[in-house]
Amino acid sequence: MPGFVSSTAADQRFNVNLSILFTELPLLERPAAAAAAGFTAVELWWPWIDSPTPGRSELDALKKAIEDADVRLTGLNFYAGRLPGPDRGALSVPGEESDRFRANIDVAAGFAQSLGCTALNALYGNRVEGVDPAEQDALALENLVLAARAADRIGASLLIEALNRPESPLYPLVSAPAAVAVVDQVNEATGLGNARFLMDLYHLSMNGEDLPQVIDAYAAKTGHVQIADNPGRGAPGTGSLPLEELLGLLKKAGYDGWVGLEYKPGDRPSAEAFDWLPAEARAAR
């Protein structure tokens with residue numbers, strides 16, 4: 001498999017998403033597995049799919065697993081419903097799901113703060129049949145303002161992500177401009193300026209967007225980047241996306257944040273899915 005040249009990889013700060021990689025292992029074993037593969041930073045979707053407010057013992061156990069592995073948590077999702085699964089967030093879904101998102105805000109922010117994590121991703125949620133989209137958007141802004149204020153209290157950014165239409169047909173933010181428009185609305189509403197775009201190059205490529213143009217237009221508003229190859233959402237080199245070139249453009253545009261590895265390992269153990277990245281480039285500097 002083609003690998004990134006060492007000089008290019010050395011310019012990036014990579015972290016491993018433990019909600020899509022190492023999922024063959026129990027949650028509490030994944031941080032150590034990432035460390036054994038040479039990584040020093042990890043990120044997570046909300047790990048407790050069924051509960052926005054898990055018990056203290058569950059929170060403490062995951063915190064200990066991350067600390068014992070000597071890795072840094074660099075990104076965390078707010079509660080997003082069943083993910084993986086049919087849901088794509090909860091914050092714009094009226095009723096119980098919105099309530100669950102709100103109940104999760106301080107829990108997620110508190111957990112992030114306990115580990116020095118400064119990026120919290122808020123997935124927008126699917127359109128609901130029979131509900132006026134304008135009503136959902138108003139609820140979304142209300143909840144995003146609450147989330148942005150909670151993130152600000154711990155010195156964190158609130159991330160807003162565009163997904164892709166083929167895999168998430170009910171999700172309204174399926175382009176970079178759509179997600180950035182929400183980022184701008186939240187920042188205007190709070191005056192805090194801590195809402196940022198989560199630029200997932202896989203999702204944007206699935207939407208057929210001009211990725212160099214997206215990078216040029218939105219690198220300055222980007223708070224986090226995630227990568228996977230396309231087609232297949234596999235490791236870099238398994239598809240046709242020029243990820244090395246795109247990350248180089250991001251660097252040139254001034255982006256110096258984390259690059260989350262959010263891809264599927266394929267039919268092999270996750271530990272074997274990093275051969276594209278030189279071992280010396282895995283530890284964040």
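Worth saying up front: this structure is predicted, and the values here are computed from it rather than measured.
- Listed by chain and residue number, Ile215, Ala219 satisfy the side-chain contact (heavy atoms from CB on, under 4.5 Å) test with Ala253 (two or more places apart in sequence, or in another chain).
- Judged by distance alone, the side chain of Arg88 and the main-chain N or O of Gly85 form a donor-acceptor pair under 3.5 Å.
- Residues Val71 and Ile20 share a single hydrophobic cluster, defined by chaining ILVMFWY side chains whose heavy atoms lie under 4.5 Å apart.
- In terms of modelled atom types and a separation under 3.5 Å, the side chain of Asn207 and the main chain of Leu163 share a donor-acceptor contact.
- At a threshold of 4.5 Å between non-hydrogen side-chain atoms, the residues Leu21 and Phe274 count as touching.
- Think of Leu139 as one node in a network of Ile, Leu, Val, Met, Phe, Trp and Tyr side chains linked at under 4.5 Å; it has no links at all.
- Note on Tyr202 and Leu246: separate hydrophobic clusters, where clusters join Ile, Leu, Val, Met, Phe, Trp and Tyr whose side-chain heavy atoms are under 4.5 Å apart, directly or indirectly.
- Remark: Asn143 CG to Ile105 CD1 distance equals 6.0 Å, nearest 0.5 Å.
- Panel note: side chain Arg196, backbone Thr222; a donor-acceptor pair is recorded below 3.5 Å.
- A donor-acceptor pair under 3.5 Å links the side-chain atoms of Ser270 to the main chain of Phe22, judged by distance alone.
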Legend entry - Candidate pair Phe78 and Leu91, rule side chain to side chain contact (heavy atoms under 4.5 Å, CB included), full reasoning: CA-CA 9 Å; Phe78 287 106; Leu91 62 91; over 6 Å; no
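- Under 4.0 Å is where a charged nitrogen must lie from a carboxylate oxygen, and between Glu142 and Arg102 at least one such pair does.
- Ring-centre distance between Phe39 and Phe14: not below the 6.0 Å cut-off.
- Here the side chain of Asn17 pairs no donor or acceptor atom with the backbone of Gly260 at under 3.5 angstrom.
- Residue Leu159 belongs to a hydrophobic cluster whose other members are Leu198, with links defined by side-chain heavy atoms closer than 4.5 Å.
- Counting heavy atoms from C-beta on, the side chains of Gln185 and Leu144 never come closer than 4.5 Å.
- With sequence neighbours excluded, the residues satisfying side-chain contact (heavy atoms from CB on, under 4.5 Å) with Pro84 are Trp45, Ile49.
- Counting only distance, with no hydrogens or angles, the side chain of Gln12 and the backbone of Val259 share no donor-acceptor pair below 3.5 Å.
- A donor-acceptor distance shorter than 3.5 angstrom exists from the side chain of Asn104 to the backbone of Pro52, with no hydrogens or angles considered.
- A search for side-chain contact (heavy atoms from CB on, under 4.5 Å) contacts involving Ala178 returns Leu173, Ser175, not counting sequence neighbours.
- Proximity of Trp46 to Ser19: side-chain heavy atoms (C-beta onward) are nowhere separated by under 4.5 Å.
- Contact between Lys264 and Gly232 at its shortest, heavy atoms only, is CD-O, 4.4 Å.
- Note on residues 110-125: pairs passing side-chain hydrogen bond (donor to acceptor under 3.5 Å, both in side chains), not counting sequence neighbours, are Asn77-Asn121, Asn121-Glu161, Tyr124-Asp137.
- Residue-environment remark: NZ (Lys251) exceeds the threshold of 12 foreign heavy atoms within 6.0 Å.
- Contacts of Lys63 classified as salt bridge (Lys or Arg N to Asp or Glu O under 4.0 Å), with partners at least two apart in sequence or in another chain: Glu67.
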Legend entry - Verdict with supporting geometry, Glu245 and Leu211, side chain to side chain contact (heavy atoms under 4.5 Å, CB included): CA-CA 11 Å; Glu245 177 189 325; Leu211 298 182; over 6 Å; no
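- Judged by distance alone, with hydrogens and angles left aside, the side-chain atoms of Arg127 form no donor-acceptor pair with the main-chain N or O of Pro172 at under 3.5 Å.
- Residues Met206 and Leu241 do not share a hydrophobic cluster, clusters being chains of Ile/Leu/Val/Met/Phe/Trp/Tyr side chains in contact below 4.5 Å.
- In this structure, the side chains of Val107 and Pro54 come closer than 4.5 Å at one or more pairs of heavy atoms.
- Applying side-chain hydrogen bond (donor to acceptor under 3.5 Å, both in side chains) to Ser205 and the options Asn230, Asp200, Asp229, Asp210 leaves one that passes, Asn230.
- In this structure, a donor-acceptor pair under 3.5 Å is present between the side chains of Arg100 and Tyr79.
- Using a distance-only test at 3.5 Å, with no hydrogens or angles considered, a donor-acceptor pair links the side chain of Asn194 to the main chain of Ala156.
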Legend entry - Chi angles and distances behind the side chain to side chain contact (heavy atoms under 4.5 Å, CB included) call for Arg30, Glu24: CA-CA 9 Å; Arg30 295 176 204 169; Glu24 65 270 27; over 6 Å; no
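- With sequence neighbours left out, the side-chain contact (heavy atoms from CB on, under 4.5 Å) criterion links Lys64 to Asp68.
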Inset, instruction - Kindly indicate, with the supporting measurements, whether the criterion side chain to side chain contact (heavy atoms under 4.5 Å, CB included) is fulfilled by Leu261 and Trp276. - result: CA-CA 12 Å; Leu261 307 183; Trp276 60 275; 3.8 Å; yes
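- Residue pairs satisfying the side-chain hydrogen bond (donor to acceptor under 3.5 Å, both in side chains) criterion with at least one member in residues 146-157, sequence neighbours excluded, are listed as follows: Asp106-Arg153.
- Cluster partners of Val128 are Val93, Val131, counting Ile, Leu, Val, Met, Phe, Trp and Tyr whose side-chain heavy atoms approach within less than 4.5 Å, directly or via other members.
- Leu192 and Ile160 sit in two unconnected hydrophobic clusters of ILVMFWY residues. Membership requires side-chain heavy atoms under 4.5 Å apart, directly or through other members.
- Applying the salt bridge (charged side-chain N to carboxylate O under 4.0 Å, His left out) test to pairs two or more places apart or on separate chains, those with a residue in residues 169-189 are Asp184-Lys221.
- The salt bridge (Lys or Arg N to Asp or Glu O under 4.0 Å) check on Arg282 picks up nothing, with sequence neighbours excluded.
- Cys117 has its side chain out of reach of Ile154: every pair of non-hydrogen atoms, C-beta onward, lies at least 4.5 Å apart.
- No more than 12 heavy atoms of other residues, nucleotides or ligands sit less than 6.0 Å from atom CG of Asp50.
- Not a single donor-acceptor pair under 3.5 Å links the side chain of Ser92 to the backbone N or O of Gln136.
- Cluster annotation: Trp258 and Ile227 are assigned to distinct hydrophobic clusters (Ile/Leu/Val/Met/Phe/Trp/Tyr, side-chain heavy-atom contacts under 4.5 Å, transitive).
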